[in-house]
Amino acid sequence: MLKLNDDQLMLQDTVRPFMADEGKIETQLRHWRDIGCKDGFGHGLWKQFADLGLTGILIPEEDGGSGLGQVEANVVLEEVGRNLTPSPFLTTAVATVRALEGTEHAKRWFPTILSGETVAALAVDEGAHHAPAQTALEATRSGNGFTLSGNKQFVVHGASADLILVAARTAGRAGETEGITLFALEKGAKGLGIENVALADASKAARLTFDHVAVDADAVVGEVDGGWAPLARALAAGSAGAASELTGVAAGAFGMTNDYLKERKQFGRPIGSFQALQHRAAHLWGEIEIARAATLKAAQLIDEGSSRADLFVSVAKAKAGSVSRLAVQEAIQMHGGIGMTDEHDIGFYMKRQAVVDELFGSPNYHALKVAGR
Amino acid sequence: MLKLNDDQLMLQDTVRPFMADEGKIETQLRHWRDIGCKDGFGHGLWKQFADLGLTGILIPEEDGGSGLGQVEANVVLEEVGRNLTPSPFLTTAVATVRALEGTEHAKRWFPTILSGETVAALAVDEGAHHAPAQTALEATRSGNGFTLSGNKQFVVHGASADLILVAARTAGRAGETEGITLFALEKGAKGLGIENVALADASKAARLTFDHVAVDADAVVGEVDGGWAPLARALAAGSAGAASELTGVAAGAFGMTNDYLKERKQFGRPIGSFQALQHRAAHLWGEIEIARAATLKAAQLIDEGSSRADLFVSVAKAKAGSVSRLAVQEAIQMHGGIGMTDEHDIGFYMKRQAVVDELFGSPNYHALKVAGR
Amino acid sequence: MPDLESFARDIRSWLEDNVPASMRTPMKSEKDICWGGRDFVFQSEDQKAWLDKAAAKGWTVPDWPKEYGGGGLGPEETKILRAEMKRMGVRTPLTSFGISMLGPALLKFGTEEQKQRFLPPIARGEIRWCQGYSEPGAGSDLAGLATRAEDKGDHYLVNGQKVWTSYADQADWIFCLVRTSKESKHGGISFLLFDMASEGVSTRPIKLISGLSPFCETFFDDVKVPKDQLVHKENEGWTVAKYLLGHEREMISGMGLGGGAGSSLMSEAIPDADPILAADLARFDVDALAFQAMSEAFIDKLKAGEAHPAEPSMMKYAGTELNKRRHELVMQGGGSDALEWESERSKGGAKPRDWLRTKGNSIEGGTSEIQLGIIAKHILQLPGA
Amino acid sequence: MPDLESFARDIRSWLEDNVPASMRTPMKSEKDICWGGRDFVFQSEDQKAWLDKAAAKGWTVPDWPKEYGGGGLGPEETKILRAEMKRMGVRTPLTSFGISMLGPALLKFGTEEQKQRFLPPIARGEIRWCQGYSEPGAGSDLAGLATRAEDKGDHYLVNGQKVWTSYADQADWIFCLVRTSKESKHGGISFLLFDMASEGVSTRPIKLISGLSPFCETFFDDVKVPKDQLVHKENEGWTVAKYLLGHEREMISGMGLGGGAGSSLMSEAIPDADPILAADLARFDVDALAFQAMSEAFIDKLKAGEAHPAEPSMMKYAGTELNKRRHELVMQGGGSDALEWESERSKGGAKPRDWLRTKGNSIEGGTSEIQLGIIAKHILQLPGA
């Protein structure tokens with residue numbers, strides 16, 4: 001059934017008010033931005049995520065987690081998107097947990113992810129566009145371990161992270177998925193330069209420089225030269241999760257806009273009574289429903305271990321990306337002047353959309369994957 | 001000045017009522033279609049074009065023509081488009097005249113083009129998509145002349161033509177503009193197979209097969225291996241002219257639709273009072289204005305011999321193509337059920353648009369040229 | 001569910017024993033559809049044999065009650081039957097508006113007598129029905145209809161004109177909306193059934209821009225309709241019509257799915273030289289696959305009874321717009337080949353004719369504008385103008 | 001035209017002799033614009049020198065009459081001057097709303113006394129003006145303004161609030177729409193000029209989503225405005241406002257052109273791996289170049305007096321939508337680099353800030369929806385709802 005089951009609906013019933021109350025723009029996103037918080041999110045809220053069991057949503061029950069799946073993670077992420085709640089949930093509890101599951105690193109990190117102490121980040125992109133197979137950061141064997149040299153960018157939460165998963169090349173050449181090795185790097189590594197970059201949505205993503213950073217052999221996640229396997233799991237989960245967050249961003253912006261259409265009067269009547277706006281709103285509503293269905297499909301296929309999961313993950317990320325882009329554009333336009341002011345919350349939706357749109361690959365990147373290119 | 005001058009406006013004042021009266025759908029396009037005319041146009045009307053001096057619009061004054069330019073040809077073609085008037089004007093009086101001008105063939109053909117006796121066609125495309133540089137039809141030297149072997153398609157008016165200009169390859173390879181030679185082939189050539197194909201808009205375009213068709217050396221238009229020069233002139237004039245015809249198609253469909261919006265009542269009021277339709281109509285009107293401006297710019301640049309002419313010809317063809325496509329789609333949708341019937345004229349606009357859109361290269365083909373690809 | 005499994009086994013073996021081999025091959029054209037009806041010309045012996053066998057089992061309408069010619073199957077069983085037929089490549093034995101439209105209306109609103117009289121002949125493919133809704137001048141404003149039915153004691157006298165009646169020239173009976181009162185727009189409409197062979201009924205096919213004529217204009221000139229052929233109450237036909245419109249919209253949005261809107265274009269040949277078309281196709285594939293997921297979600301919601309009554313409007317809108325876009329891309333990919341209208345090479349101009357036909361998708365069954373208005377009003381609850 | 005040629009020669013030599021070298025380099029940022037006004041801080045000696053020289057010659061407003069501080073040039077001469085300045089890379093000596101907006105209004109509607117009082121200080125860059133049109137709650141419904149001006153004999157007493165007043169915090173005077181009568185919506189508006197230093201005037205900058213604050217809220221609390229600062233007649237200010245709105249729309253549509261909407265993106269780096277973006281850029285280039293042609297045609301039409309009064313609405317709509325699209329593509333091309341908000345590398349987040357700023361283009365100066373409505377009504381003559 002392509003709908004949430006009763007347990008999933010119950011989770012939604014818990015998470016929705018939590019995020020709306022505790023994760024709302026005024027006290028989280030706007031607050032941390034205005035005080036210039038270096039993390040871009042609040043550790044207190046992250047602890048609350050942990051207390052609610054959300055940080056362990058994908059961690060197996062035997063490791064103390066809930067042992068749930070992508071569908072459940074996405075239930076959380078849609079609410080995150082709807083409220084623009086800043087947190088390291090996607091990078092830590094979704095992508096990183098997926099990368100580490102079944103590896104030696106799970107024991108080391110799952111307990112502190114569960115407790116909300118660990119923030120984790122993924123260092124994949126090396127240029128301005130997501131292209132994981134193009135990984136070129138060099139890892140050369142050195143003694144019992146490896147030496148990493150190169151650059152990474154768009155490492156979301158990189159400067160706040162206790163753990164950074166780094167995709168590096170141990171064999172093959174840029175463009176090949178073979179020969180990539182994934183390393184678990186703890187913070188404070190020597191030779192690692194971190195520039196904490198503020199993005200348009202007030203989140204932080206680091207630029208990293210690796211100047212002969214030495215790591216032990218046991219920093220390898222999975223197999224040497226076989227890092228694509230854990231990386232692909234992380235990227236699929238991250239992309240599907242980002243699709244859900246984007247659906248939430250779209251739904252949040254749309255909800256605010258639809259309310260405004262009923263309230264705001266111009267020429268003596270609510271602007272929502274103007275047919276041109278009605279048709280645009282109705283079209284957008286349908287598109288958001290479609291994005292949500294596509295995203296749910298992708299999550300279900302991941303949870304089923306289906307061979308079609310990758311296809312639908314890309315469908316979901318591309319569709320949720322383009323739909324949410326339309327949603328935030330319509331939101332600003334329909335709000336008129338007030339929507340252009342920083343004082344109003346709607347602008348945050350446009351900024352956040354742009355960042356998540358790019359994260360784990362743009363709609364174009366994923367559309368090309370769907371088309372088999 | 002990017003506007004018609006007084007002489008051009010006077011020409012428009014002559015051509016507009018002529019085409020609306022003599023070239024209208026009921027008595028031309030629909031009539032010839034319904035009786036299954038093998039030419040798809042009426043020779044009587046073509047003679048009237050000649051009597052009005054239109055067939056000689058681009059023919060130099062010393063050769064008995066009006067010696068006017070692309071702007072004037074386009075004034076005619078916009079009215080042709082507005083009324084969907086079937087005629088060999090674009091292929092004969094525009095593209096072919098441009099190809100032959102300044103060559104030995106001008107003397108042979110201009111008098112009968114002037115008099116409306118000659119119908120000419122261009123045989124360029126060899127596949128389903130316009131790609132003149134890909135010309136592969138082989139012309140091998142043989143005695144004093146050449147032997148042509150290969151295929152052509154989408155040869156508009158090919159079966160009715162007295163003269164067919166054939167792009168063939170005498171040197172180089174498909175993809176190169178060098179090594180193409182243009183031949184003037186008279187009807188009835190031995191070895192030439194002609195299939196007269198009816199298109200969606202009831203016009204006719206031939207598929208030609210060349211089975212060792214022998215031509216004399218003096219059939220060459222311009223230089224051997226240098227056919228790209230006359231061909232490029234013909235294609236630029238043809239593309240700019242087609243852009244103008246498409247602008248006319250768009251304007252004609254839009255005019256009919258805008259009238260209908262005022263007449264047709266639903267839910268007790270004219271459908272043109274519904275704001276959603278108003279905004280779509282207003283957007284479309286603007287787009288048609290823009291297409292017309294781009295087309296006029298292209299025509300002026302051709303007439304000035306500007307180096308930017310090719311760029312703007314592609315801008316015009318691409319823009320007029322996509323705008324007219326939107327125009328016919330909106331026209332059908334806004335007409336509702338009646339627009340789906342063959343009895344109503346509006347459907348002809350959609351059919352004609354599709355054919356001219358493809359002729360001399362689709363909007364995609366030209367957009368790629370604009371982008372320098 | 002062991003019962004359902006053995007049920008599936010039984011179905012399989014019955015189908016294998018009873019479906020003629022030729023009825024397990026894909027249909028080659030619209031002509032292979034079995035519509036039934038008095039004047040229907042079967043394409044083959046097998047087609048007739050398969051209809052008769054299926055009808056005898058009630059499997060032309062598997063989920064209708066047995067007493068009205070149905071199979072008496074529950075929803076799960078019906079689903080299994082359909083899935084098995086699809087898996088085995090078995091053709092649908094009978095397709096008709098009687099099955100898809102009038103049947104559900106009669107089952108909900110008909111009297112017992114009406115059900116017994118009309119449903120079994122539908123199930124057996126003996127009577128072919130057409131739908132008399134649209135009128136010239138009414139268009140999207142369906143309730144603005146003018147065909148009037150005067151009360152003449154034991155019968156109604158019907159005068160007026162319908163348009164867009166699908167295959168009216170081949171139908172035996174019509175279910176028809178008529179005006180029995182002018183006092184209120186929606187409240188003065190009644191739902192009548194009558195024989196197209198009645199005196200005073202005539203039809204004229206409408207030629208479409210695709211060159212085909214699947215629709216007719218239908219004229220009523222003093223047609224006498226016995227009063228027991230009124231469905232539901234006089235002046236309350238709009239209730240029946242709305243119920244059926246919902247059905248139609250679901251069917252059309254389903255068509256969008258099955259008919260290709262939900263499947264991707266990945267297999268279409270893309271000209272190498274046109275990266276712009278390739279980009280459009282990539283985006284289409286995303287949208288088509290996303291809509292495929294939406295269709296699945298929508299059906300599951302419908303089954304669970306959780307769909308908002310206005311949601312079919314979204315499905316109809318999105319599905320038909322997608323299908324139009326699909327055919328625009330097919331035309332672009334086809335280039336000048338796809339412009340050929342009559343040649344054998346082009347299968348009689350199948351591509352451009354199909355393309356033109358899709359333009360009606362967003363008009364028939366309620367225009368896209370009507371659907372958007374329904375969503376705006378009923379789901380978004382935006383205020384009236 | 002030998003006269004114009006020698007005129008061009010004279011201009012060239014004068015410019016070469018008089019424009020400081022640094023004023024012949026491209027502006028590096030918005031800060032290099034010379035706005036003038038009481039509190040203006042010149043960026044350099046050269047900036048001030050160039051303003052003074054240009055003002056002395058009347059070339060800050062070359063086409064205004066000499067008696068009001070202008071250059072007294074005809075349209076052809078003005079065109080030549082501008083072309084020469086552009087060719088030589090000479091910066092605009094003075095930019096202001098006084099020049100672009102109030103000036104034209106005063107020239108058309110002002111009394112002789114008002115022209116002599118207000119125009120020369122504008123031409124010399126001594127007084128910087130801002131525009132007080134929009135009000136909170138009025139939005140697109142400009143004429144729905146509530147700021148009231150009571151007749152107190154020799155002065156008006158102004159109370160109310162304006163919003164979206166560009167650079168009100170840096171302006172010296174304001175031209176302002178106020179309500180002098182409630183009897184009719186459009187007929188009760190007057191056009192007042194007053195000093196921002198008047199008692200009771202205060203401003204508060206509005207921070208935009210781009211992080212910048214080019215606009216203010218402006219509050220009027222018992223502001224006294226002498227009656228001779230009323231432009232045109234009392235209650236007929238809407239006439240002046242409409243005239244200026246037309247001007248503003250032309251200016252904004254012109255901005256679309258000069259500001260980039262009309263230039264293609266061909267030079268933007270396209271990531272090799274993104275053929276979809278390449279396709280979008282190719283289409284953008286077509287639309288941008290076509291709009292460039294449209295702009296040229298529009299200006300020629302305007303000059304010939306042949307433009308429909310509602311045509312600027314189309315230019316404004318098309319130009320601003322194109323500009324928004326341009327910046328969307330720039331953002332996509334920039335990928336995650338273009339998301340950086342504060343880094344030096346990103347020039348303080350110039351790309352995302354510019355992108356966000358463009359979202360206001362289709363709102364300010366009349367929303368896209370307003371423009372489409374104007375076209376529908378005045379050009380297409382579609383009936384009212």
Side-chain angles (χ1 to χ4, degrees), chain A residues 125 127-131 134 153-156 175 195-203 205 207 264-268 271 273-277 280 318 325 328-329 332-344 346-348 350-351 354-355 357-359 362-365 367-368 371 373, chain D residues 134 136-141 143-144 163-164 185 206-213 215 217 269 271-280 324 328 331-343 345-346 349 351-353 355-357 359-360 362-364 367-370 372-373 376 385:
Chain A
D125 295 0
H129 299 271
H130 184 63
Q134 295 295 330
Q153 70 176 70
F154 203 26
V155 181
V156 174
E195 181 193 357
N196 193 17
V197 179
L199 301 185
D201 66 338
S203 74
R207 285 185 181 256
R264 170 71 167 168
K265 289 193 177 172
Q266 293 269 272
F267 305 101
I271 59 173
S273 71
F274 287 98
Q275 197 202 29
L277 298 189
R280 281 158 53 187
R325 193 181 295 167
V328 297
Q329 288 171 354
I332 295 276
Q333 182 67 22
M334 291 185 186
H335 273 82
I338 192 81
M340 285 297 294
T341 65
D342 183 76
E343 204 176 338
H344 198 283
I346 197 72
F348 282 115
M350 179 167 275
K351 295 172 179 178
V355 173
D357 197 56
E358 200 64 41
L359 190 61
S362 69
N364 288 359
Y365 170 84
L368 289 165
R373 246 154 279 225
Chain D
S134 299
S140 288
D141 187 11
V163 74
W164 303 119
K185 187 173 172 182
I206 301 169
K207 191 172 165 191
L208 293 188
I209 55 176
S210 63
L212 308 177
S213 303
F215 300 106
E217 290 179 290
D272 285 341
D274 194 345
I276 297 185
L277 179 59
D280 287 344
K324 289 198 299 181
E328 285 287 334
M331 287 297 288
Q332 283 180 47
S336 59
D337 285 349
L339 298 169
E340 298 198 2
W341 191 244
E342 285 166 346
S343 64
R345 184 191 310 110
S346 67
K351 274 187 186 175
R353 290 173 196 269
W355 161 67
L356 288 163
R357 180 62 189 86
K359 299 305 176 191
S362 52
I363 296 169
E364 60 211 341
T367 63
S368 283
E369 291 77 14
I370 290 285
L372 290 171

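Naming: A, B, ... by sequence-line order, numbering from 1 per chain.
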Checking heavy atoms, do the side chain of [X], its backbone, both or neither come under 4.5 Å from chain A?
X      : value
D:L339 : both
D:S346 : neither
D:R353 : neither
D:L356 : both

- request: Answer whether the closest heavy-atom distance between the side chains of D:P275 and A:L368 falls below 4.5 Å.
  value: yes
query: Mind checking what makes ring-ring contact (aromatic ring centres under 6.0 Å, His included) contact with D:F215, not counting sequence neighbours?
result: D:W164
Sort out for me which of [options] touches chain A most, counting heavy-atom pairs under 4.5 Å.
options                        : answer
D:T367, D:V163, D:D280, D:D337 : D:D337
D:I206, D:I209, D:L372, D:I363 : D:I209
D:P352, D:G360, D:G373         : D:G360

query: By side chain to side chain contact (heavy atoms under 4.5 Å, CB included), which residues pair with A:K265, not counting sequence neighbours?
result: A:P270
- request: Flag the one option from A:E343, A:R264, A:R207 with the top tally of heavy-atom pairs under 4.5 Å to chain D.
  value: A:R207
statement: Pair count under 4.5 Å, heavy atoms only, with chain D: among A:Q266, A:E358, A:K351, highest is A:Q266
field: Test log, rule side chain to side chain contact (heavy atoms under 4.5 Å, CB included), inputs D:K324 and A:Q329
entry: CA-CA 10 Å; D:K324 289 198 299 181; A:Q329 288 171 354; over 6 Å; no
query: Just by modelled atom types, is the D:G333 backbone N or O under 3.5 Å from a matching donor or acceptor in the A:H129 side chain?
result: yes
message: Donor-acceptor pair, distance only, cut-off 3.5 Å: does the side chain of D:E340 make one with the backbone of A:V197?
response: no
message: So which atom in A:A131 and which in A:D125 form the shortest heavy-atom distance, rounded to 0.1 Å?
response: N-OD1, 4.2 Å
message: Is it the case that the side chains of D:Q332 and A:S362 hold a donor-acceptor pair, with the cut-off being a distance below 3.5 Å and no angle test?
response: no
Report which part of [X] has an atom under 4.5 Å of a heavy atom belonging to chain D: side chain, backbone, both, or neither.
X      : answer
A:I346 : neither
A:E195 : side chain
A:V355 : both
A:A198 : both

- request: Under the side chain to side chain contact (heavy atoms under 4.5 Å, CB included) rule, what do D:L212 and D:R357 come out as? Steps first, then yes or no, please.
  value: CA-CA 9 Å; D:L212 308 177; D:R357 180 62 189 86; over 6 Å; no
